[in-house]
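Atom set for the values below is all heavy atoms of this structure, side chains included, hydrogens, waters and symmetry mates excluded. Just so it is clear: chains get the letters A, B, ... in the order the sequence lines come, proteins before strands, and each one is counted from 1.
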There are 2 protein chains.
Amino acid sequence: MPETSPSVQDYLKAIYHLARREGRATTTRLAAVLGVTPASVTGMLKRLMAEQPPLVVYHPRRGATVTPAGERVALETIRRHRLLELFLVRVLGYRWDEVHEEAERLEHVVSEQMTNRIAQLLGEPAFDPHGHPIPDRKLALPAVQGFPLAQAEVGARLQVVSVSDGDAAVLRRLAEVGLQPGAVVRVAGRTAGDHLLSLAIRGRAQPVVIGPAVAAAVFVAPAPEMTEPA
Amino acid sequence: MPETSPSVQDYLKAIYHLARREGRATTTRLAAVLGVTPASVTGMLKRLMAEQPPLVVYHPRRGATVTPAGERVALETIRRHRLLELFLVRVLGYRWDEVHEEAERLEHVVSEQMTNRIAQLLGEPAFDPHGHPIPDRKLALPAVQGFPLAQAEVGARLQVVSVSDGDAAVLRRLAEVGLQPGAVVRVAGRTAGDHLLSLAIRGRAQPVVIGPAVAAAVFVAPAPEMTEPA
DNA sequence: GCTAAAATTTAGCCTGCTCTAAATTGGATT
DNA sequence: AATCCAATTTAGAGCAGGCTAAATTTTAGC
Ligand SMILES: [Mn+2]
Ligand SMILES: [Mn+2]
Ligand SMILES: [Mn+2]
Ligand SMILES: [Mn+2]
């Protein structure tokens, strides 16, 4: 197992996520996600490919994917990140829009011992505050279902599976309207020109209107059958 | 306030501690404490002196001390370190010999927000698990009294103030014999050649013999008057 | 006071990771 | 098929922080 720096861990996480969502991680997409220049990405991809064992498969000009060794590093880092986020919310009283940044730094320095103690304290949780699955000690990750709310049909009854955690302002807006993982919503309507969605959210008296940026940050699945009343 | 890297923070902590204990921080002592070569120390001292504002006062060949700006960085880092150590013990169930290493990494990445939330959760504590004072939010640090147990007179009744946290094996030995901060001991005797100390520790039936490495790691002050029985 | 040892600095180098500016290339458009 | 463009790579550089080897200065012993 090669030692990995914070930079390498962040690159591998980004390659893993992009490859999963878009098939492969291209230079430009990686540069955008990581906040570096494309030239820097090219250099790093060469180094990750040259690592022993290689951490990525890189075909110049056609992007990269992680190798099994690279995936392992990515999943270990994702596990630390998501456990830390939940820990910050549950133990230190953070709001869910504050945890991502902090976890982004801590994920590179907490030991395996600390990671497992946090997991134990939290009861070996399966999901982080945003609804993302937490790899278990063996790095097994539950399959993620769900599609963007932005693509939902009008009239559909849906349950929120997870929300993107990158934009704090979006998260605050989601908390405001009650769009947390588990929330049940019906798509009441959609406007043509500006892609606004009108939603009926269970437990809320008034319908809510959200814009496309917010709608793209919410991932949903068909709502399960009516849950029994309390 | 200049941005400071983990390296710079560790250098400033070391300079602060050495200057406090030994008057000034010399190149060789710093190199030993930080685990780098003397040449590396010289280079860093030059950079710290050139910082705007300067973080150290450095007279080539006669060592360095921190400036007010450097002391501030050192104390902020020490505050984070000691709060983290106590947090790891209290919240995550670490033993006191396990926390130093973990804190040494975490101290460079926890935000001010996280630091203050930890302090609040712990009740704004004044001492870490080893008895070292924790700078408060204004970075005020209680004066430390106490001298090494190794220098105690035979017959003296003493109270443990703090213990060095650098050597995990020494800490485990101290826990074994009950030499924690607050413990009250009487120096029962001392051997001439090998500097062993025989101690009567209040609450322990049998006297204990400790070697010089352990005796040097324990800091004591004259015991207060007899405490009333429970 | 002279000299040997110890401490310290200098010189030169290296790795990791980033950048800007200048090629290059693959694919789309006409 | 020629051309253009967007994506990508290459070339060259810089900074932080470390190292080794060689010089230099201080200190200490005599
Ligand atoms: Mn996150
Ligand atoms: Mn990160
Ligand atoms: Mn410590
Ligand atoms: Mn440190």
Side-chain angles (χ1 to χ4, degrees), chain A residues 1-15 18-19 22-65 70 73-74 77 104-105 107-109, chain B residues 1-15 18-19 21-52 54-65 70 73-74 77 104-105 107-109:
Chain A
M1 321 290 157
E3 299 288 294
T4 54
S5 66
S7 268
V8 166
Q9 290 171 19
D10 282 337
Y11 270 90
L12 289 171
K13 274 201 312 178
I15 295 163
L18 283 176
E22 305 178 7
R24 71 210 171 100
T26 66
T27 302
T28 314
R29 296 287 288 122
L30 279 170
V33 167
L34 292 166
V36 298
T37 61
S40 299
V41 172
T42 300
M44 180 63 94
L45 289 178
K46 286 193 200 168
R47 284 191 34 229
L48 295 176
M49 180 175 56
E51 206 76 33
Q52 212 45 246
L55 297 174
V56 303
V57 175
Y58 168 47
H59 296 294
R61 299 199 134 90
R62 26 200 85 234
T65 57
V73 172
T77 307
E104 201 56 60
R105 280 175 283 110
E107 66 187 356
H108 309 295
V109 305
Chain B
M1 322 289 155
E3 299 289 293
T4 54
S5 65
S7 267
V8 165
Q9 291 171 17
D10 282 337
Y11 270 92
L12 289 170
K13 274 201 312 177
I15 296 164
L18 282 176
R21 284 202 298 269
E22 305 177 9
R24 72 211 170 99
T26 65
T27 301
T28 315
R29 297 285 289 120
L30 278 170
V33 167
L34 293 167
V36 298
T37 61
S40 299
V41 172
T42 299
M44 181 63 95
L45 289 178
K46 287 192 199 167
R47 282 190 37 224
L48 295 177
M49 180 174 57
E51 206 76 33
Q52 212 48 248
L55 297 174
V56 303
V57 175
Y58 167 47
H59 297 293
R61 298 200 135 88
R62 27 200 83 237
T65 56
V73 172
T77 308
E104 201 56 60
R105 280 175 283 112
E107 65 187 356
H108 309 296
V109 305

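Contact annotation: B/Ser5 side-chain N/O to D/dA16 OP1/OP2 distance is not under 4.0 Å. At the phosphate of C/dC17, neither OP1 nor OP2 sits under 4.0 Å from any side-chain N or O atom of A/Ser40. Between B/Thr26 and C/dA7, a side-chain N or O to OP1/OP2 separation shorter than 4.0 Å is absent. Neither OP1 nor OP2 of D/dT9 sits under 4.0 Å from any side-chain N or O of A/Lys46.
For A/Arg105, the CZ atom sits in a packed shell: over 12 heavy atoms of surrounding residues, nucleotides or ligands are nearer than 6.0 Å.
Counting distance only, with no hydrogens placed and no angle test, the side-chain atoms of B/Arg61 and the base atoms of D/dT27 include no donor-acceptor pair under 3.5 Å.
As judged by a 4.0 angstrom heavy-atom cut-off over every strand, B/Thr27 is placed among residues touching the sugar-phosphate backbone only. B/Thr42 comes within 4.0 angstrom of a nucleotide base, judged by non-hydrogen atoms across all strands. Residue A/Ser7 is in sugar-phosphate contact alone, with no base atom involved, counting any heavy-atom pair closer than 4.0 Å across all strands shown.
The distance from atom CG of B/Asp10 to atom P of D/dA16 is 17 Å, rounded to the nearest whole Å. Between B/His108 atom NE2 and D/dA16 atom C1' there is a gap of 15 Å when expressed in whole angstrom units. Atom pair B/Met44:CE and C/dT10:P shows a separation of 16 Å (rounding to whole Å applied). When the P atom of D/dT10 is taken as reference, atom OH of A/Tyr58 falls 7 Å away, rounded to whole Å. Distance B/His59 NE2 to C/dT9 P: 12 Å, rounded to the nearest Å. One can place CD of B/Glu51 at 9 Å from P of D/dG17, the figure rounded to the nearest angstrom. The nearest whole Å value for the distance from the CZ atom in A/Arg47 to the C1' atom in C/dT18 is 11 Å. Rounded to whole angstrom, the span from the CZ atom of B/Arg29 across to the P atom of C/dA7 amounts to 11 Å.
Across every non-hydrogen atom of A/Leu12 and A/Ala74, the tightest pair is O-CB, 3.7 Å.
Between C/dG26, C/dT20, C/dT8, one nucleotide has an atom nearer to the side chain of A/Arg62 than all others, and that is C/dG26. Comparing atom distances between the B/Val36 side chain and each of D/dC19, C/dT10, D/dA11 picks out D/dC19 as nearest. Checking C/dT10, D/dA11, D/dG18 against every side-chain atom of B/Tyr11, the shortest atom distance belongs to D/dG18.
In this structure, a donor-acceptor pair under 3.5 Å is absent between the side chains of A/Glu107 and A/Thr77.
Contact of the A/Leu30 side chain with the A/Leu45 side chain is registered, since non-hydrogen atoms from C-beta on lie closer than 4.5 Å.
The closest donor-acceptor contact from the side chain of A/Gln9 to the backbone of A/Val73 lies at 3.5 Å or more, if one exists at all.
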